[in-house]
Engineer: 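This is the structure I want to talk about, given as structure tokens.
Keep in mind that the numbers below use all heavy atoms, side chains included, and drop hydrogens, waters and symmetry copies. We name chains A, B, ... by the order of the sequence lines, and we start the count at 1 in each one.
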Number of protein chains: 2
Amino acid sequence: MPASTGRPAAPEVIWTRPERAARGPRPAHNRAEIAAAAVRIADAEGIDAVSMRRVAAEVGAGTMSLYNYVPRKEDLHELMVDAVTGEYELPEEPSGDWRADLLALARASRDLLRRHPWVPRLYTSVHGFSPNGLRYLEHCLAALEGLDEDDATKMELLAVVHGAVMTYVGNEVATQERSRALPWTPLEEQAARMAYLTDRVGGGAYPRLAAALANAGPAVDLDAYFERTIGRILDAYGRGGPREDRGGDA
Amino acid sequence: MPASTGRPAAPEVIWTRPERAARGPRPAHNRAEIAAAAVRIADAEGIDAVSMRRVAAEVGAGTMSLYNYVPRKEDLHELMVDAVTGEYELPEEPSGDWRADLLALARASRDLLRRHPWVPRLYTSVHGFSPNGLRYLEHCLAALEGLDEDDATKMELLAVVHGAVMTYVGNEVATQERSRALPWTPLEEQAARMAYLTDRVGGGAYPRLAAALANAGPAVDLDAYFERTIGRILDAYGRGGPREDRGGDA
DNA sequence: CCCCACTACGTACGCCGTACGTAACTACCA
DNA sequence: TGGTAGTTACGTACGGCGTACGTAGTGGGG
């Protein structure tokens with residue numbers, strides 16, 4: 001009887017599949033090695049360069065051997081996101097100042113996304129409850145211990161902050177990631193798009209947008225922008241927290 | 001001299017390329033028709049079913065003829081997003097209550113994303129300043145006329161709200177969109193993932209997460225969740241606006 | 001009126017994900 | 001201890017993808 005590639009016929013989360021089977025020859029590779037190889041390729045050449053063939057070659061295996069470790073390409077993506085999620089250096093205990101801790105976490109997320117600009121494109125197709133994802137989430141909840149809100153609201157806050165970080169860095173990094181195989185540089189593309197935008201907006205059809213663009217000026221400090229935005233969101237939940245005792249109403 | 005497919009060697013925004021050339025035969029199709037066909041396919045069969053061949057067949061053209069209208073597949077995606085952005089039914093004038101207007105816009109975005117669940121996956125690879133995108137943005141700025149903040153902050157607010165909507169509906173719709181070619185239903189997959197999650201979290205390694213999941217209970221009202229979240233974000237900017245006159249500090 | 005830019009599109013190339021078959025290997029059970 | 005069943009490794013092959021390129025035909029501006 002043929003072995004088949006072992007792809008599931010019923011829904012299955014990759015993390016429940018045992019890494020190593022009880023019987024049979026000792027596998028020559030493992031998930032961590034494969035995920036690391038895929039991340040290396042994505043960092044260097046973009047997510048589109050990550051194909052089953054390419055990753056297999058990178059770890060020195062035959063293409064189809066990869067399917068013994070990763071049932072579908074989508075699961076490889078899940079492995080990749082989990083691998084980079086493991087890069088968070090989470091302290092043993094939160095500091096007690098939830099606002100400062102969450103801001104630090106947001107900054108860490110921003111830096112991580114800048115290091116791995118392909119993550120946003122994967123994020124809508126990955127579930128997010130990988131082992132390292134759970135660890136990260138648990139730490140976030142620990143950091144929010146001092147916030148006087150119910151659990152649902154805390155989760156909500158985390159989702160909003162996470163979404164905002166993803167949106168900002170995603171936009172920042174999209175051009176760079178998108179134009180990887182194009183015959184021009186991201187800067188040239190940016191310039192062309194800006195030229196189009198000012199031309200289109202200059203027509204007078206979008207007066208408010210024109211004014212906003214004119215006011216924005218040429219150089220925006222992206223990092224300051226980031227801090228302000230995250231700060232606003234944090235202020236929307238548990239106004240002040242331990243940082244600045246209350247403002248007005250409960 | 002051969003005509004070539006006319007793909008650009010310098011950066012070019014699709015919207016600057018004239019829809020119809022001055023010379024030559026009358027084209028048999030147009031961008032709107034092509035975009036509509038692609039949207040139809042994506043709605044019915046998922047974004048992965050949208051290939052150049054498939055879209056060309058849908059409009060009744062040869063595969064390579066499509067390249068006369070759309071230089072790269074990525075531009076087809078831009079056309080698609082612009083097409084659905086045109087579905088917003090924007091009133092001539094905002095109501096004067098910026099908070100209510102923005103909430104309504106957020107609801108409209110949510111409904112639009114539910115109708116076209118493939119949009120979030122495209123969003124990180126699309127620039128967003130398409131004609132209908134500009135129209136939408138101009139309307140948002142008009143709605144914010146009554147908000148006492150500078151233009152940069154208004155843009156910031158719009159980005160955060162937009163990001164939150166995208167995050168929420170994106171998550172809601174991801175499973176459904178992802179599992180389109182899988183041999184099991186989204187519900188079965190959801191169940192499998194939930195089983196994994198409760199099993200993993202039950203181990204005691206993630207006490208706070210376990211508590212949060214237990215508190216959340218089985219049925220969360222997603223729409224109420226949505227309203228609360230957007231409301232919080234709006235409150236973070238220009239506290240109250242015309243809705244409820246101030247709370248405490250400026 | 002004619003020329004040439006433009007449209008239409010068939011063919012072909014090098015990728016992709018992955019189904020399937022075969023051979024070698026090893027842990028367990030009789 | 002020998003057999004066997006389950007596993008790993010991986011070559012081959014299929015259908016589909018984006019799209020480069022070449023050719024034939026069309027119709028508006030000089």
Engineer: Of all the nucleotides listed (C:dT18, C:dC6, D:dT19), which has the minimum atom distance to the side chain of A:Arg72?
Structural biologist: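 The answer is C:dT18, which lies nearest to the side chain.
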Engineer: What is the bend of the helix from C:dC1-D:dG30 to C:dA30-D:dT1 when you compare the axis at one end with the axis at the other, using five pairs each and rounding to 10°?
Structural biologist: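 Answer for the end axes of this duplex: 0°.
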Engineer: Strictly under 3.5 Å: I want the nitrogen or oxygen pairs between protein and nucleotides 14-18 of chain D, one per line.
Structural biologist:
from: D:dC17; atom 1: OP1; to: B:Ser51; atom 2: OG; distance (Å): 3.0
from: D:dG18; atom 1: OP1; to: B:Lys73; atom 2: NZ; distance (Å): 2.8
from: D:dG18; atom 1: OP2; to: B:Met52; atom 2: N; distance (Å): 3.0
from: D:dG18; atom 1: N7; to: B:Arg53; atom 2: NH2; distance (Å): 2.5
from: D:dG18; atom 1: O6; to: B:Arg53; atom 2: NH2; distance (Å): 2.7

Engineer: Whole angstrom is fine here: how far is it from NE2 in A:His77 over to C1' in C:dG17?
Structural biologist: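 In whole Å, C:dG17 C1' and A:His77 NE2 are 11 Å from each other.
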Engineer: Could you list the residues that satisfy side chain to side chain donor-acceptor pair (under 3.5 Å) with A:Asp75, not counting sequence neighbours?
Structural biologist: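 With neighbours one apart ignored, the set is A:Arg72.
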Engineer: List, one per line, each side-chain donor-acceptor pair under 3.5 Å for residues 166-174 of chain A, sequence neighbours excluded.
Structural biologist:
from: A:Thr167; atom 1: OG1; to: A:Gly163; atom 2: O; distance (Å): 2.7
from: A:Glu172; atom 1: OE1; to: A:Arg114; atom 2: NH2; distance (Å): 3.2
from: A:Glu172; atom 1: OE2; to: A:Arg114; atom 2: NE; distance (Å): 2.8
from: A:Glu172; atom 1: OE2; to: A:Arg114; atom 2: NH2; distance (Å): 3.3

Engineer: Given atom CG of A:Leu76 and atom P of C:dC16, what is their separation to the nearest angstrom?
Structural biologist: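 Spelled out: CG on A:Leu76 to P on C:dC16 is 13 Å.
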Engineer: How are the rings of A:Tyr88 and A:Tyr136 set relative to one another: parallel (under 30°), tilted (30 to 60°) or perpendicular (over 60°)?
Structural biologist: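 Answer is parallel, since the angle falls under 30°.
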Engineer: Output one line per pair: protein atom, nucleotide atom from nucleotides 24-30 of chain C, and distance, for all N/O pairs under 3.5 Å.
Structural biologist:
none

Engineer: Using atom CZ of B:Arg17 as one end and atom C1' of C:dC6 as the other, report the distance to the nearest whole Å.
Structural biologist: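 Roughly 12 Å, once rounded to whole Å.
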Engineer: Looking across every strand, which nucleic acid part, if any, lies under 4.0 Å from B:Ala28 by heavy atom: base, sugar-phosphate, or nothing?
Structural biologist: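 Here B:Ala28 touches the backbone only, sparing every base.
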Engineer: Ignoring backbone atoms, establish whether A:Ser65 has a side-chain N or O less than 4.0 Å from OP1 or OP2 of D:dT8.
Structural biologist: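 No, outside the criterion.
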Engineer: What is the distance, to the nearest angstrom, from the CD1 atom on B:Ile34 to the C1' atom on C:dA8?
Structural biologist: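 Nearest whole value for this atom pair: 12 Å.
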Engineer: Which residue pairs pass the salt bridge (charged side-chain N to carboxylate O under 4.0 Å, His left out) test when at least one of the two sits in residues 194-204 of chain A, sequence neighbours left out?
Structural biologist: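 For residues 194-204 of chain A, and leaving out neighbouring residues, there are no salt bridge (charged side-chain N to carboxylate O under 4.0 Å, His left out) pairs at all.
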Engineer: Report the distance from atom CG of B:Asn68 to atom P of D:dG25, rounded to the nearest whole Å.
Structural biologist: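 So the CG-P distance, B:Asn68 to D:dG25, works out to 17 Å.
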Engineer: Quick one: A:Glu74 CD to C:dG17 P, roughly how many Å, whole number?
Structural biologist: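 Nearest whole value for this atom pair: 13 Å.
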Engineer: Kindly confirm or rule out a cation-pi arrangement of A:Arg110 over A:Phe226, judged by NZ or CZ under 6.0 Å from the six-membered ring centre and within 45° of its axis?
Structural biologist: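 Geometry flag: set, cation within 6.0 Å and 45°.
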